[in-house]
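Just below is one structure, and these are the notes that go with it.
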Amino acid sequence: MGFIDDAKKTAEAVGEKIADTWEDTTERVSDKSDEMKADAEVKKAEAERDSVHKRNEIREDLRDS
């Protein structure tokens, strides 16, 4: 009986380790996804800012002419 009990405990430990690894991996993927979305939002905001600056420069140049 000792061998079977040891095998059960080992299998349970392996199962828990796999579950923990899976959870860690999904959290890392989620974190990376959030990071990429935030970066995309920043790039979009920067592009919009640059566009507004350029448009204002052009308008100012037209006013000065």
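Hydrophobic side-chain contacts under 4.5 Å tie Ile18 into a cluster, directly or through other members, with Val14. Taking Ile, Leu, Val, Met, Phe, Trp and Tyr as hydrophobic and joining them when side-chain heavy atoms fall under 4.5 Å apart, one finds Ile58 in a cluster with Leu62.
The main-chain N or O of Trp22 is found under 3.5 Å from a side-chain atom of Thr26 such that the two form a donor-acceptor pair. Side-chain atoms of Thr10 come within 3.5 Å of backbone atoms of Asp6 as a donor-acceptor pair (strictly under, hydrogens ignored).
Applying the salt bridge (charged side-chain N to carboxylate O under 4.0 Å, His left out) test to pairs two or more places apart or on separate chains, none has a residue in residues 11-27. Pairs passing the salt bridge (charged side-chain N to carboxylate O under 4.0 Å, His left out) check and including a residue from residues 37-53, sequence neighbours excluded, do not occur.
Checked against salt bridge (charged side-chain N to carboxylate O under 4.0 Å, His left out), Lys54 has the following partners two or more places apart in sequence or in another chain: Glu57. Lys32 pairs by the salt bridge (charged side-chain N to carboxylate O under 4.0 Å, His left out) definition with Glu35, not counting sequence neighbours. With sequence neighbours left out, the side chain to side chain donor-acceptor pair (under 3.5 Å) criterion links Glu60 to Arg63. Every residue was checked against the side chain to side chain donor-acceptor pair (under 3.5 Å) condition with Arg59, not counting sequence neighbours, and none meets it.
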